[in-house]
Amino acid sequence: MLSYTLRRLAGAIPTIFIIVTLTFFMIRLAPGGPFDLERPIDPLIMLNLQRAYGLDQPLWQQYLTYLGNLLQGDLGPSFARRDFTVNDLFAAGLPVSVMLGGLALGLAAVLGTFFGTIAALRQNSWLDYTIVALATFGITTPNFVVAPLLSLIFGVILGVLPAGGWSDADPRYWVLPIVTLALPQVAVIARLVRGATVEALRANHVRTARAYGLPARVVVGVHALRAALLPAVSYLGPTAAALMTGSVVVETIFGIPGIGRYFVQGALGRDYTLVMGTVVVIAIFVVVFNLLVDLAYAWLDPRVRYD
Amino acid sequence: MTKHLLLSTTALLFSAGLASAEVVLNRGNDTDPATLDHHRTSTVAEGNVLRDLYEGLTVQNGKGEAVPGAAESWTVSDDGLVYTFKLRDDAKWSNGDPVTAEDFAFAFTRIMDPATAAGYASILYAIKNAEEVNTGKLPLDQLGVKAVDAQTLEITLHTPTPYFLELLTHQTGYPLHKASVEANGDKYTQAGTMVTNGAYKLVSFQPNDKIVMAKNEHFHDAANVKIDTVNWIPFEDRAACLRRFEAGEVQICSDVPGEQMDYVKEKLPDALRIAPYLGTYYLPVKGKEGSPLKDPKVRQAISMVIDREFLASEVWQDTMLPGWSLVPPGIVNYVDDAPMLPYKDQDPLDREDAAKKLLEEAGVAEGSLSVELLFNTSENNKNTMAAVADAVSAIGIKATLNETEGATYFNYLREDGPYDIARAGWIGDYNDPQNFLFLMQSGVSFNYPKWSNADYDALMDKAAVTADLTERARIMAEAEQIFLNEVPAIPILYYSSRALVAPQVGGYEDNLMDAHGTRWLSLN
């Protein structure tokens, strides 16, 4: 198991290297640069600026410099947020995104599994139909609709929660963003768990468990659910990576200082280092969570072995 | 349980009582500043934040007028070239140090230092040798700024610049605390390190969250600063600011979502502030070599049929005003009857007939001219250009839209890329017509159409050395008349500032500069 994990982590290094290389050259293909603003800059001053940031050097040299710094964990200065390095920005923003995404994921996993199991156990009842209908609604409603609606209802009209803004210390600011992030995931997970549970309830090992005369809650809770969670777990891997690296929409609408906005702000503002940094962070999250999913498989499914 | 509830209620009341002792203002801003190093800033959003942190030699008061700031008085030599500023005795930095002439001289030298790569240094080129120093042709000590003694600063200009005192209110004219900048280098803007001389000092800066500033107790006018803490919150989503405003969480929004204008007008009429703003929205016309667009008659015809009233009221929901000149109205140092496009008050149908006649004179047959309208991504820009396309179709000109994403667009214009008709906006940095008319001078990088007119340039050069304000205004008006005859860029709208201001905010006065330093505000 340990050697498997180490092998997988070692295998991730070339993947991340390729991602970094591709991103580095792709972002440079986009016309314009970090200093092309609506307020144009004098050509001479532009030269000074490019020199100050090393943008006057040949591209291959900039690339090697970037790689060298990256190996030392230095993501470079931000071009558009010049009081900060990319490391500063992530040090402040990543904990916020990870916390919000993690809580949303936890909420979605618990609620989704609960509703999915109920729906499967009461298959084709009104309860099942209601859950499936709500789940379809949850999947199809985009978060740029849900977020302002929640803010309007709970922040402006009822006034029970902040309409926006952020506080590390006050959980009232966390509620609406977490709910917004979790809602579509609850829906997806509920549907996955429902489908898998329906199938698992008819599986051989569950029938055997029933034949042994095990109580229903053990049959469902241990034997059926374990098998039924597999599709949900493989879905949760990439979803966790996506949720924990922040959401542009949710962060913009609620005014949250996470890292989700940096990717879009960085790309539009040609903030090369910020875009690169975001890509590296997302890549690491995806690699790590895919590994966690594979490890969870071995734990959930006795047929899977990593030796 | 009951007792516990009672206790916690008391605690809540108590903490609320404490909180009310400290006056906190939550202000929305258009976006985060790129940096708090004012030498590296240029945008309006940056100016808003820096106005609270620093005090220049002159400052904008609550009405946006230039009044004495760190300088209590000054004298100007007879030829208008040498300004001698006397600093206030009680001007202090946020760490208690006195603000000295040396701090100003240090700041002016730093912004002109090529190594600083200050994107906006050119705004101060009126100072003697500034351009030469900034471009590395002269050493730093040749700059026309001299600290005569601790409280006397002498600035020498290379041409008389009647708007110089206005210009000094801009963030590029703020001082720097020499000792802390020298000690910390470019990191001097970090919270805890940054030393400022304005009404406020920096407490924290969390990107995409807020900038927190606390009252600077050493500020000379601290007794009259009524707000203790100001939180500057960036809102890229204007609707988010509106919601937080309605929820009472934010007291000032720096903008209003255009698409919700009807709602705001109906529900928040007292909070909505729309005021003339020092800015023009215009359409540079370039065209390829030999294109009919090179003919002023064709440009004039296009200008004639653009329905500016419709654009202002329908597309922009009255957040812009119909524009008929490059220099926006209300500006100082200008003639009373500023030149306007002659068909300003003409009936739209008559204008259309006149436009058709102009095209005929220019030999442009109906349907023979196709133009591309280039613009940077934004819902309002797109609707504006669609309306322009519709308008020119009435005189037989086919127009297609070409939407381009921001950074690409501005790079394209700057790199002199070919286009037919584009869009641009200009917000004045200081209250003077020169700040608009220079946009069309030959060789200026902002001259997007690359229009070059010898008479125009000659008039602008003459205005630059004319000390008599009335005469200077007349010369500049003459230059603008040439511009309006040729319309190398078609002015279509004047900007308005739009804001939401809660009724409990006092001292917020609408002004042309849209400058509202927190030191002039109060919260009741």
Side-chain angles (χ1 to χ4, degrees), chain A residues 30-53 77-84 88-89 92-93 96 147-148 151-152 155-157 159 161-167 249 251-262 265 267-270, chain B residues 26 32-37 40 42-43 114-122 134-136 186-187 189-190 205-210 231 233-237 239-250 376 404-415 424-427 445-446 448:
Chain A
F35 309 115
D36 282 306
L37 306 171
E38 173 144 17
R39 229 353 129 66
I41 287 175
D42 209 69
L44 275 167
I45 292 164
M46 182 70 101
L47 281 180
N48 286 342
L49 269 173
Q50 290 181 327
R51 202 170 304 131
Y53 280 91
S78 167
F79 292 93
R81 293 181 173 276
R82 298 172 65 182
D83 292 344
F84 300 94
D88 289 339
L89 292 175
V96 173
S151 164
L152 201 61
V156 180
I157 298 171
L161 287 169
W166 180 251
S167 163
V249 174
E251 285 182 12
T252 310
I253 292 174
F254 289 112
I256 297 166
I259 65 162
R261 271 190 271 182
Y262 288 148
Q265 288 176 340
L268 291 179
R270 305 288 189 272
Chain B
N26 291 318
D32 269 335
T35 167
L36 292 176
D37 179 348
R40 292 172 168 139
S42 62
T43 67
T116 308
Y120 224 42
S122 53
N134 191 223
T135 51
D186 286 349
K187 290 277 164 201
T189 54
Q190 305 288 321
F205 179 3
Q206 164 86 307
N208 284 340
D209 182 23
K210 58 180 172 292
N231 296 318
I233 306 170
F235 284 103
E236 284 167 2
D237 178 20
C241 194
L242 172 59
R243 280 194 303 276
R244 295 196 66 189
F245 184 87
E246 288 191 276
E249 295 166 17
V250 170
N376 57 310
T404 305
E405 170 269 330
T408 310
Y409 178 81
F410 296 117
N411 176 261
Y412 187 82
L413 288 193
R414 198 174 55 79
E415 297 286 318
W426 184 259
I427 305 289
S445 58
F446 317 103
Y448 296 131

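When reading the values below, keep in mind they use all heavy atoms of this one structure, side chains included, and skip hydrogens, waters and symmetry mates.
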Shorter than 4.5 Å, heavy atoms on both sides: which option in [options] has the most such pairs with chain B?
options                       : value
A/A147, A/G155, A/A30, A/S151 : A/S151
A/F254, A/W166, A/F84         : A/F84
A/S78, A/G33, A/P162, A/A92   : A/P162

_Under 3.5 Å donor-acceptor, B/D32 side chain and B/N208 backbone_ =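 Checked: pair present.
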_Exam field: side chain B/E236 to backbone A/G255, donor-acceptor pair closer than 3.5 Å_ =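 No: the side chain of B/E236 does not pair with the backbone of A/G255.
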Taking side chain as everything from C-beta outward and backbone as N, CA, C, O, which of these in [X] sits under 4.5 Å from a heavy atom of chain B? Side chain, backbone, both or neither.
X      : value
A/L161 : backbone
A/I256 : backbone
A/Q50  : neither
A/L89  : side chain
A/R270 : side chain

Less than 4.5 Å to any heavy atom of chain A: does that hold for the side chain of [X], its backbone, both, or neither?
X      : value
B/I233 : neither
B/F205 : both
B/A118 : backbone

Under a 4.5 Å cut-off applied to non-hydrogen side-chain atoms, are [X] and [Y] in contact?
X      : Y      : value
B/L413 : B/Y409 : yes
A/Q265 : A/T252 : no
A/Y53  : A/R82  : yes

*asked:* Please give me the minimum heavy-atom distance between B/V250 and B/C241, naming the atom from each residue.
replied: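 Closest approach of B/V250 to B/C241, heavy atoms only: CG1-SG, 4.2 Å.
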*Residues B/D186, B/R40; criterion salt bridge (charged side-chain N to carboxylate O under 4.0 Å, His left out); working and verdict*: CA-CA 11 Å; B/D186 286 349; B/R40 292 172 168 139; 3.2 Å; yes
*asked:* Working to the nearest 0.5 angstrom, can you tell me the gap between B/F410 CZ and B/Y412 OH?
replied: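 So the CZ of B/F410 and the OH of B/Y412 are separated by 14.5 Å.
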